[in-house]
Each structure stands twice: as structure tokens, then as C-alpha cells.
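Here is the structure we will look at.
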Amino acid sequence: MVEGADPIIEAFRQEVREWVQANFPPDLKGLGNPITLEERPAPTEEQTEWRKVVGEKGWGTPTWPAAYGGADLSSGQARIIQQEFARARAYNPIGGMGVMMFGPTLLEYGTEQQKLEHLRPICRGEVQWCQGYSEPGAGSDLASLQTRCEDNGDHYLINGQKIWTSGAQWADWCFCLVRTDTTKKHEGISFVLFTMHQPGVEVRPIKLIAGSSPFCETFLTNVRAEKKDLVGPLNAGWTIGKRLLQHERSSISSMGNALGGSAALPDLAKAYVGVDAQGQLADSDLRTRIVSNEMDGRAFQQTAMRAMAEAKGKTDPSAATSIMKNAGTRWIQDRSELTLEIMGHQGLGWAGEDFTSVELDAVRGWLGGKASTIYGGSQEVQNNIISKRILGLPDLTAAN
Ligand SMILES: Cc1cc2nc3c(=O)[nH]c(=O)nc-3n(C[C@H](O)[C@H](O)[C@H](O)COP(=O)(O)OP(=O)(O)OC[C@H]3O[C@@H](n4cnc5c(N)ncnc54)[C@H](O)[C@@H]3O)c2cc1C
């Protein structure tokens, strides 16, 4: 045990370490969670088993209440699980929008019955959720959404079109913002849940510049939502929908943290660009820009850690998630740009044996990363939120 370490925490670390050793299949070392892969090959038996054991333990969603499938652990203990998984090169097999956005929102706004019904399958990785927010005429100005939801006796009927619905082609359920009152804008919106496995739901995947189709147009024709699946009161969905976006931005910015620990730009640059007689990177201008990016990354990570410490384990996000989203996504984009520049011609490949898999991934990562300053609310929209909600500047826009 490290001198000065808390014995209770260290005992927990030991417990996690032994459990991971006993349960994590070594064949899966270094692999990612298959549900976040855009191509979604069918999971292997080992992947399925790993998902099952982590889900049963509640360690994929460790801070959620045990009554709903979590493990009732503190954020400190959750961090230990994360560290021990990373140490064993194991991935967290529980994830997706249910974990990142919908679950935390339902914990805050859902009824007891809704929590009991919907959270446990998320904790066990048995159900995938998608987000029905954006529409062809409602992106940044989300409150302009027109998808209608009408009372049809013992259930609701939904008609309209959503767009950019990530993972809709694989999703089991959708959390959706719908219009339930056409006479008001923000106060005419409700937050409902419906199963994607019904005849009125039609999804058409859209191809992205990075080559894959991670999101869809989603057409809704007489789609049925049960009355019990209205979250919060009728016409009060805007507040809930905005809260969910804070959780989304918080999880997007945490991607910056995860990436910061793994990528090693200086080593990459030395390998591709070469070193001078002192063993330093030969291109001094590139050296300066890499150092600057490294410093931005450290500053971002330290700020994230400080915010976490100041929150004293409270995990609720706030408007400050907009700052972290902008800082984290811009940093990742800058890093991707630098990576391609370092690789030179090798950073221009799309396919073929002339390029290594690292080079091909770098190109796709650079292209795919362009979207990170758009989804979850564009960079400009985050700047508006920061101006209004954090800096208290005058409200000159109607959006968000
Ligand atoms: C990869 C990806 C995945 C996505 N996944 C989902 C999903 O699962 N579910 C879902 O519902 N949506 C999803 N989206 C949609 C995303 O939330 C919207 O693209 C985003 O909110 C912007 O809306 P828009 O595309 O309609 O652009 P617009 O709102 O038309 O904006 C166009 C441009 O105008 C700027 N702009 C607009 N309003 C203002 C303003 N008031 N002030 C300053 N500038 C402004 C924007 O910043 C942007 O640059 C996804 C998007 C991407 C790229």
C-alpha cells in the first residue's frame, strides 16, 4: 500500500483488481466497447459475458443507486474502477446514450415506476437508447421542433420527422422531444419515450464524410408512446430536455480527458519528422505547436479535475459544461490536425496497404472529429449559453 493512502480505498482497489483479474477475458485486452463501434459487428461470446458480469455487478454505472441496477458507490470508488479497468486494459462494456444522457436525467425527473422499468436494462447493457431531438427545421433553435404528439385515449400518437438520430438503426428505445401544444414554443414541448421496435418508426442511415453511417433520418408515423412513458408533466419537457443536454456536453468533454492520457504527439513527431543532433524534434515550429497543444491538454484536464474536486463528488452538471465542451472538443480537433500534419503524406490515406492502421484511423478520426463541435449543440450555441448563463451578458438570441 502507498504510504499515506486511505486503507478503505486501498482495500476497495484491491477488491476491484482481483475481480477484474478473475472476470476479464484476456482476449479482449485493449479492445473498445463494441457498442460504440460504428459498424457494430455481432458481439462475441466473451464480449457478451463481460457485459453481463459487469452489468450484474453494477460497475458500468457505479454511482447509480443499487435499487435501479447501479452499485451505490462514491465518485472516488467509481474512479478506482475506471483506473483498475484501464490498468488491466479492460473496457467498460456498459455505455451509450442511456448511460451518458438519459439515465442521469431519468434519475432526476422520472417517476419511481419509470426508474424501476428503464434504468436496470441500461445498467446491464441490455437496451440501447437514441435521442430524438433535432429536426430538419430545428437544430440550434431546438424549441422550434414540430413533431406532433397527440392524446389518443390511453396512449399518445406521434407524427413527424427527426434527423441526425445517432444510432437509431441499432436503438431499442428513443427519448424524444415532441410538440404537445402548438400555441406556445418552449412551454408546448414534452419529453416522451417510445420503443423503436414498432411499425411507424422508419430509420434511414445517413453517410458521413468519415465514411460510416452513425446516424439517421427518423420518420415517425402514428408512433405509439404509452402514457406512463411521459417524463415530467405534459408541456414541461423543455427543462428536462435541456438538462439532458448538459449531461451530453459533460460526457463529450470527458472524451478530452480520456484522450489526453493516451495520445503521445511528441513521440509520433519524432518518429515521422526526425530529430536533430540533440535528440530534439527537428522542426522547431512544429515543436512549439506540439508543446502548446500539450499545455492546452494539461490545462483542460487540470480544470476538469478541479471542477470535480470543487463539486465534492456531486455529479450534477451545470451551464459550465458548455465551457468544457468547447474547450475539450477544440483541443481534440487541434490535436487531430497536428497528427495529420506530422504524418505528412501518410496522413492523407483513405484505404490501402500503403498506410498503417494508425494512419488510417488518424484520418478518419480527424474527419469524424469535425462533428464534435456540432453535436450536443454547436460551438457558437455553447458560446451563447456561456455569455448568458455564466457571464450574465444581455440575451440577444432566442436559441437555447
Ligand atoms: C455526428 C452528429 C451526431 C448527432 N446526433 C444527434 C442525435 O443523436 N440526436 C439529435 O437529436 N441530434 C443529433 N445531432 C444534431 C445536432 O445536435 C445538431 O446538428 C446541432 O444542434 C446543430 O443543429 P443544425 O445541424 O440544425 O445546425 P443549425 O442550427 O442550422 O446551425 C447552422 C450554423 O449556424 C450556427 N448558429 C445557429 N444558431 C445560432 C445562434 N443563435 N448564434 C450563433 N450561431 C448560430 C450554428 O452554430 C451552425 O454553425 C447530431 C449531429 C452530429 C453532427
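Every number for a ligand or one of its atoms is a count from 1 in the order of the listing. In what follows, every heavy atom counts, from backbone to side chain, and hydrogens, waters and symmetry copies are set aside. Residue numbers run from 1 in the order of the sequence given.
- Classification of Glu337 and Lys370 as a salt-bridged pair holds, one side-chain N sitting under 4.0 Å from a carboxylate O.
- Listed by number with element, the atoms of ligand 1 under 4.0 Å from a non-hydrogen atom of Met97 are 8 (O).
- We find that Arg335 and Glu294 are joined by a salt bridge, their nearest charged nitrogen and carboxylate oxygen being less than 4.0 Å apart.
- Only the side chain of Phe215 comes within 4.0 Å of ligand 1, counting heavy atoms alone; its backbone N, CA, C and O stay farther away.
- Between atom 3 (C) of ligand 1 and the options Ser166, Gly376, Gly167, the minimum heavy-atom separation is to Ser166.
- For Asp27, there are no salt bridge (Lys or Arg N to Asp or Glu O under 4.0 Å) partners two or more places apart in sequence or in a different chain.
- Gln382 and Arg249 share a side-chain donor-acceptor pair at under 3.5 Å.
- Ring geometry for Phe191 versus Phe102: interplanar angle under 30°, hence parallel rather than tilted (30 to 60°).
- Contact annotation: for Ile374 versus ligand 1, heavy atoms closer than 4.0 Å belong to both the backbone and the side chain.
- Looking at Thr165 next to ligand 1, no N or O pair under 3.5 Å apart turns up.
- Ion pairing between a basic and an acidic side chain is recognised when a charged N comes within 4.0 Å of a carboxylate O; Asp283 and Arg289 show no such pairing.
- Glu380 is linked by a salt bridge (Lys or Arg N to Asp or Glu O under 4.0 Å) to nothing, counting only residues two or more places apart in sequence or in another chain.
- Ring geometry for Phe85 versus Trp50: interplanar angle of 30 to 60°, hence tilted.
- Atoms of ligand 1 lying under 4.0 Å from at least one heavy atom of Ala371, given by number and element, are 1 (C), 53 (C).
- Considering backbone and side-chain atoms alike, Asp141 places every N or O at 3.5 Å or more from each N or O of ligand 1.
- Distances below 4.0 Å separate heavy atoms of Glu380 from the following atoms of ligand 1: 43 (C), 44 (N), 46 (C), 47 (O), 49 (O).
- Look at Lys162 and you'll find every heavy atom at least 4.0 Å from all atoms of ligand 1.
- Counting heavy atoms closer than 4.0 Å to ligand 1, residue Asn383 contributes nothing at all.
- When Ser378, Gly139, Ser140 are ranked by how near their heavy atoms come to atom 28 (P) of ligand 1, first place goes to Ser140.
- At least one N/O-N/O distance between Tyr133 and ligand 1 falls below 3.5 Å.
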